[in-house]
Amino acid sequence: MNLPIYFDYQATTPVDQRVLDVMLPYFTSAYGNAASRSHAFGWKAEEAVDTSREQIASILNASSKEVVFTSGSTEAINLAMKGVGEMYGAKGKHIITCLSEHKAVLDTAKHMEKAGFEVTYLVPDANGAVTAQQIADAIREDTILVSIMWANNEVGTVNPIREIGAVCRERGVLFFTDGTQAVGKIPVDVEADNIDLLCFSGHKLYGPKGVGALYVRRRKPRVRLVAQMDGGGHERGMRSGTLNVPGIVGLGAACAVAEQDLEKDMAHSIAMRERFEKRIFEALDHVAINGDEHSRLPGCSNLSFAYVEGESLIMGFKDLAVSSGSACTSASLEPSHVLQSMGVGDELAHSSIRFGFGRLTTPEEIDFAAEQVITAVKKLRELSPLYEMVQEGIDLSTIAWTGH
Amino acid sequence: MAYSDKVLDHYDNPRNVGSLDKTSSEVGTGIVGAPECGDVMKLQIQVEGDTIVDAKFKTFGCGSAIASSSLATEWIKGKKVDEAMAISNTEIVEELSLPPVKIHCSVLAEDAIKAAVADFKQKQAGQEGA
């Protein structure tokens, strides 16, 4: 077992060796520009891009003509939301999204508000989920876009996408979903799930960083976008810029591997998560799962360890690479906006840690991690005045704290 | 974020962890901070005459908060009450090499000392009045 151990699979994943092997020739020998139509170098690159497009279409159950390559999800989100806004803005200026979305969606929505759009930010339930009914209630005459993530990156809650998509379809509103945490992790089907636009990134599914894709529906309805970058008119005019051929090859290969191994990967991640949570809950009290326990990404376990602070916990398990919802580990000094939107108190948000499991996680690593976590929590609770008060039977909510 | 060796040392081996009898007239208890802000410090002093003979702490907070309060107990033990009151957060920042984002931890430790002393003095005044 090599230390430190990686438990941050929602942040990024290693490139799968099978993916890297396919990519390498496109750096050094097959390095043509996919837009070069006059020679074999260009043809070979274009052929590789086409193969990738097919692989992506396959995992999404889409057509290869509906795939637009981008630099990753953030760019794809900007293109989808602003592109729809500019194309259909004359029809209406109302957009619906949710407070637990990734900042890439929320900040894009804020940008659009400045440009005259009106945005409804739905409040998710205590598990972090949005319901189709909430969407139905929020849609107005002038609503042109609903943007709801497939699975949450912090707590792993999986939204009822198919139902939300059905509501949007019925009401004639375009539905965009940020599938960054979902594609390659859980089944995704843009036809059955009623999706008009969907984005994802290579590096979340064992592919390379710096490449992603946007699915743009071509029929029933045909979705049109205003490009957000001017240039050579690549990607059917929707995204100019020389194609990142090695990255695109890697993205396609990652999708092919993920599609083939989906069931195996899911079963493995769930087994790892269950093994981990079982050990934690057997040894510690006052631990809560953040997110929807029953509709959750296989490899995500976001736990709040009451009465101990997240950053000090992370110091306690130096050999585990995890992330925290605590303010102290973020640049903003604000606790996680996702946990806040779910109504998790700031106190528990400061005590939350996200453990991410994936393809390379082993049972030995899980056992080691659980042991380290249990030891650190016990040690810090010995140090915690809050835990002491609770043991004495004091209700913490009755104390007049001196906040700063 | 990289922690200074001194912060890591206090985190790994916190000094004077524990609790004193908060009902004793010789003990002053200071509790500062708030759970929703991510840090709460409890610092207690035991005073004989005007000398702090013992100090204990418990802290809910980041590593720097734990280190600041641990260091504070170390520093005030054996000091006169007035000397302890003179300890400023900047000395803690310097000793632990705290980065700007962690300065509030040192402020909290200073506040905890002052709150403990204030509690002790209040108890003494109450006794004299009785």
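By the 4.5 Å heavy-atom criterion applied to side chains, B:Leu108 and B:Cys105 are not counted as neighbours.
If you check the side chains of A:Glu388 and B:Ser19, you find a donor sitting under 3.5 Å from an acceptor. Defined by atom type and a distance below 3.5 Å, a donor-acceptor pair is present between the side-chain atoms of A:Thr12 and A:Lys209. Remark: the A:Ser352 side chain and the A:Ser304 side chain contain no N/O donor-acceptor pair separated by less than 3.5 Å.
Between A:Val308 and A:Ser351, the closest heavy-atom pair is O-OG, 2.7 Å. Pairing each heavy atom of A:Val130 with each of A:Cys98, the nearest pair is CG2-SG, 3.3 Å. Across all non-hydrogen atoms, the minimal contact from A:Tyr121 to A:Ala109 is OH-CB, 3.7 Å.
At a heavy-atom cut-off of under 4.5 Å, chain A is reached by B:Gly63, B:Ile66 from residues 63-95 of chain B, listed in order of number. Close approach to chain B, defined as a heavy atom under 4.5 Å from one of its heavy atoms, is seen in A:Lys379, A:Leu380, A:Glu382, A:Leu383, A:Ser384, A:Pro385, A:Leu386 of residues 379-387 of chain A, taken by number. Proximity to chain B among residues 275-293 of chain A is not found for any residue, judged by heavy-atom separations below 4.5 angstrom.
Contact of B:Asp12 with chain A is made through backbone and side chain together, with heavy-atom distances under 4.5 Å.
Between A:Tyr9 and A:Tyr206, the ring planes are tilted. Angles from 30° to 60° get that label.
No donor-acceptor pair closer than 3.5 Å links the side chain of A:Ser201 to the backbone N or O of A:His203. Using modelled atom types, no side-chain atom of B:Lys58 and backbone atom of B:Leu43 make a donor-acceptor pair closer than 3.5 Å.
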For A:Lys110 and A:Asp107, what are the C-alpha separation, side-chain angles and deciding distance, and is it a salt bridge (Lys or Arg N to Asp or Glu O under 4.0 Å)? CA-CA 5 Å; A:Lys110 271 185 208 142; A:Asp107 284 355; 3.7 Å; yes
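For B:Phe120, the side chain to side chain contact (heavy atoms under 4.5 Å, CB included) test picks out B:Ile45, B:Val47, B:Gln124, with sequence neighbours left out.
To the nearest 0.5 Å, the span separating CG on B:Asp54 from OG1 on B:Thr51 amounts to 13.0 Å.
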